[in-house]
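See below for the structure under consideration.
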Amino acid sequence: METLLQSCSIFTPKPPVRSPVDRQLALSSFAINKQRSCNVKLKAISRGSPEGSSSIEDVRKDGMLLGADKDESGSVVGFRLIPQSGETEVSNSHDTITIGKEEVIVDDDSVQTTSAEVTYNIVFVTSEAAPYSKTGGLGDVCGSLPIALAERGHRVMVVSPRYLNGGPNDKKFAGALDLDCRVKVSCSGGVQEVAFFHEYRAGVDWVFVDHPSYHRPGNPYGDAYGAFGDNQFRFTLLCHAACEAPLVLPLGGFTYGENCLFLANDWHAGLVPVLLAAKYRPYGVYKDARSIVVIHNLAHQGVEPASTYSNFGLPPEWYGALGWVFPTWARTHALDTGEAVNILKGALVTADRILTVSEGYSWEITTPEGGNGLNELLTSRKIVVNGITNGIDLSEWNPSSDVHIPSHYSLEDLSGKIECKIALQKELGLPIRPDCPMIGFIGRLDYQKGIDIILSGTPDLLQDDVQFVMLGSGEKQYEDWMRATEATFKDKFRGWVGFNVPISHRITAGCDILLMPSRFEPCGLNQLYAMRYGTVPVVHATGGLGDTVKTFNPFADEGRGEGTGWGFKPLTRESMLDALRIAIETYRKHKSSWRGLMKRGMERDSSWNNAAVKYEQVFKWAFIDPPYVS
Ligand SMILES: Nc1ncnc2c1ncn2[C@@H]1O[C@H](COP(=O)(O)OP(=O)(O)O[C@H]2O[C@H](CO)[C@@H](O)[C@H](O)[C@H]2O)[C@@H](O)[C@H]1O
């Protein structure tokens with residue numbers, strides 16, 4: 001096995017002196033004595049202290065530090081804090097129970113807690129985390145779920161790349177400081193050095209892996225010419241670095257240690273569970289850690305030719321974990337054997353548990369229609385597969401305080417919503433008509449989002465007296481279509497090509513209806529944002545959309561009605577138009593029903609706290625079972 005030549009001074013755990021592999025370990029990532037390249041001092045780097053101005057002594061003086069837990073090799077694996085109030089002890093060790101906080105039982109099957117019963121050292125690994133980087137829902141989730149978990153008492157680190165593209169986005173990383181810790185990663189036939197930057201914000205350690213391959217124009221995955229050709233390499237680096245981070249970074253004075261829980265999000269982080277199993281556990285490292293792979297989108301798996309296996313820095317005998325053969329129909333020519341490596345497949349094989357972002361999707365991925373070729377593997381691991389519906393960041397998406405919208409409103413006073421609609425019509429140069437039903441769409445312009453169905457249904461839809469606004473970027477053919485449709489239907493249609501977060505908030509607030517005809521949707525966030533803003537979703541009832549949008553039934557609840565929108569099936573132009581027409585008709589002619597729809601949507605609990613409780617249950621299960629070993 002290739003070894004890492006890296007070090008990180010005093011807090012790097014010592015190799016457990018137990019077995020004959022120690023000699024190999026001495027050369028590996030934990031060999032610290034001779035190869036120190038970083039100079040991390042014992043200081044409270046984070047927690048808002050000016051760098052270098054506070055030390056562990058300061059932490060003690062503040063009455064915060066109660067003690068540190070060590071493993072049998074003497075490495076710090078957790079610490080105990082006492083908040084300034086002095087009332088509650090909080091520990092970051094996964095087996096220590098938090099005491100002294102309230103637990104409120106709300107009803108029989110939902111328990112809302114203000115803090116977790118058992119807390120863990122959690123390491124998110126992700127290619128995106130908002131607000132630092134975001135191209136879609138993955139960024140939203142990895143920017144907000146970690147904060148919710150930290151609020152519940154967990155110690156949480158998020159590891160993602162430090163993307164610099166030379167544009168205004170670079171400022172978002174301004175608060176992250178160089179930890180002065182370098183790690184050498186063996187992969188792609190050479191040794192790469194990565195650095196770590198860090199910002200402590202909202203109770204979370206945001207760690208950014210720095211390497212020249214993350215510094216280039218474009219978004220995290222590509223530019224105007226398409227996807228970057230070295231994405232496999234860039235995310236391999238991310239995974240190696242993320243596995244080192246808990247061992248070498250003394251965040252707030254202490255490393256996270258070996259007993260942590262990795263949440264590997266999508267294929268970009270998929271090598272993490274494989275590395276734990278193949279590179280660390282055979283040498284006694286991370287033997288008590290666990291990993292959970294979180295699937296936000298199974299359609300993207302990180303598949304490359306089999307010959308690239310040697311780039312991963314994995315032992316040759318682990319090829320089988322990532323080895324993958326394309327079905328015959330997907331091969332390019334008669335002699336093509338279809339052999340490939342599939343990173344997500346490797347993650348699904350080696351992770352201790354598998355999570356998807358809604359319950360519906362957790363079932364769909366076990367079917368041939370929804371499994372993207374991995375359904376049999378997923379079915380074989382069904383016992384460790386769960387689905388938890390995403391929450392949303394209620395502080396960013398709140399109509400009564402949203403910084404991007406012109407007027408604020410709430411369930412008690414909806415007048416601001418009309419003002420948002422008028423302002424949106426003005427901004428887009430559409431006729432100002434508060435009574436005209438306004439339909440919105442926000443999302444990536446690709447096959448998943450059912451843009452082809454929108455495209456075929458729009459001319460019919462625009463025969464009606466409606467306004468329709470679309471915000472999105474992606475496939476050029478759809479961007480061109482949006483521009484052309486705007487030119488044809490000047491008074492009815494606007495297509496905003498690009499990625500623009502403030503506009504997405506204004507569309508969510510200003511429209512009456514949000515359309516989401518996604519072909520498949522692991523969870524979907526826009527329908528959740530829409531409901532919170534009193535904008536009624538019309539969705540293809542698939543995956544998370546089917547789970548979260550309840551179709552309106554005017555006769556239920558003794559005529560008061562129930563439901564928060566419309567879910568249509570099958571995914572055809574006709575059924576989409578039928579659902580939209582019913583929604584438009586209800587908006588025009590049944591005002592009190594419409595108010596009921598808005599109210600139920602706005603009242604829906606989409607908080608992360610709800611989801612975080614369910615995540616914690618899965619964490620517990622992960623630690624009950626032994627970790628994956630080959
Ligand atoms: N042009 C644009 N301008 C501004 N903002 C834009 C935009 N296009 C999209 N967005 C924003 O990006 C996010 C998209 O989230 P989604 O959940 O709808 O989809 P996505 O397919 O990216 O995520 C995947 O991961 C998430 C998270 O788990 C799952 O919900 C989802 O089903 C799965 O496909 C939303 O915040 C949306 O407002």
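Ligands are counted one by one from 1 in listed order, and the atoms in each one are counted from 1 as well. Hydrogens, waters and symmetry mates are skipped; everything else that's a heavy atom, side chains included, is used.
Note: an N/O pair closer than 3.5 Å links Gly137 and ligand 1 by distance alone. Here's the thing with Thr135: none of its N/O atoms is less than 3.5 angstrom from an N/O atom of ligand 1. Looking at Ile442 next to ligand 1, no N or O pair under 3.5 Å apart turns up.
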Given Ser575 and Thr572, is the side chain to side chain donor-acceptor pair (under 3.5 Å) satisfied, shown in steps? CA-CA 5 Å; Ser575 63; Thr572 59; 3.0 Å; yes

For Lys134 and Asp140, what are the C-alpha separation, side-chain angles and deciding distance, and is it a salt bridge (Lys or Arg N to Asp or Glu O under 4.0 Å)? CA-CA 7 Å; Lys134 165 173 163 176; Asp140 283 341; 2.8 Å; yes

Evaluate ring pair (Phe, Tyr, Trp, His ring centres under 6.0 Å) for Tyr221 paired with Phe228, printing each intermediate quantity in order. CA-CA 6 Å; Tyr221 314 109; Phe228 297 132; 8.7 Å; no

Walk me through whether Asp266 and His296 qualify under side chain to side chain donor-acceptor pair (under 3.5 Å). CA-CA 6 Å; Asp266 275 352; His296 299 263; 5.2 Å; no

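Checking Trp594, Trp566, Phe552 one by one against Tyr587, the ring pair (Phe, Tyr, Trp, His ring centres under 6.0 Å) holds for a single residue, Trp594. Under the side-chain hydrogen bond (donor to acceptor under 3.5 Å, both in side chains) rule, Glu521 has a single partner from His540, Gln448, Gln527, which is Gln448.
The aromatic rings of Phe623 and Tyr120 lie parallel to each other, their planes meeting at an angle below 30°, with 60° marking the opposite boundary. The aromatic rings of Trp481 and Phe493 lie perpendicular to each other, with more than 60° between the two planes, well past the 30° mark.
Cation-pi check for Arg519 over Tyr447 is met; the charged atom lies under 6.0 angstrom from the ring centroid and within 45 degrees of its normal. For Arg155 and Tyr256, the positive end sits near the middle of the six-membered ring, less than 6.0 Å away and at most 45° from its axis.
Nearest-heavy-atom check against atom 20 (P) of ligand 1 across Arg444, Glu128, Glu396 picks out Arg444. In this comparison of His300, Lys449, His296, Lys134, the heavy atom closest to atom 24 (C) of ligand 1 sits on His296.
Here Asn390 has side-chain heavy atoms under 4.0 Å from ligand 1, and that is the only part of it that gets that close. At a heavy-atom distance under 4.0 Å, only backbone atoms of Asn500 (N, CA, C or O) approach ligand 1.
Ranking protein heavy atoms by distance to atom 12 (O) of ligand 1, first place goes to Gly136 CA, 3.4 Å. Shortest contact from atom 2 (C) of ligand 1 to any protein heavy atom: Phe499 CD1, 3.4 Å. In terms of protein heavy atoms, atom 29 (C) of ligand 1 is closest to Gly524 N, 3.6 Å. Scanning the protein for heavy atoms near atom 36 (O) of ligand 1, the closest one is Asp140 OD2, 2.5 Å. Given atom 16 (P) of ligand 1, the protein heavy atom at minimum distance is Leu525 N, 3.9 Å. Taking atom 38 (O) of ligand 1 as the reference point, the nearest protein heavy-atom neighbour is Asn526 OD1, 2.9 Å. Protein heavy atom in closest approach to atom 34 (O) of ligand 1: Gln448 NE2, 3.0 Å.
At a 4.0 Å cut-off, not a single heavy atom of Trp496 sits close enough to ligand 1 to count as contact. The shortest separation from a heavy atom of Gly472 to ligand 1 is under 4.0 Å, placing the residue in contact. Heavy-atom separations between Gly498 and ligand 1 include at least one value shorter than 4.0 Å.
Short contacts between ligand 1 and Val357, defined as distances under 4.0 Å to a heavy atom of the residue, involve ligand atoms 28 (O). Taking a cut-off of under 4.0 Å to the non-hydrogen atoms of Glu521, the atoms of ligand 1 that pass are 31 (C), 32 (O), 33 (C), 34 (O). Residue-ligand proximity, Pro522 to ligand 1, at heavy-atom distances under 4.0 Å covers atoms 32 (O), 33 (C), 34 (O). Ligand-side atoms of ligand 1 in range of Val141: 27 (C), 28 (O), range being under 4.0 angstrom from any heavy atom.
One finds the CD1 atom of Ile354 at 9.5 Å from the CG atom of Leu374 (value rounded to the nearest 0.5 Å). The distance from atom CG of Leu237 to atom OG of Ser213, rounded to the nearest 0.5 Å, is 5.5 Å.
Between Glu603 and Lys599 a salt bridge is recorded (basic side-chain N to carboxylate O distance below 4.0 Å).
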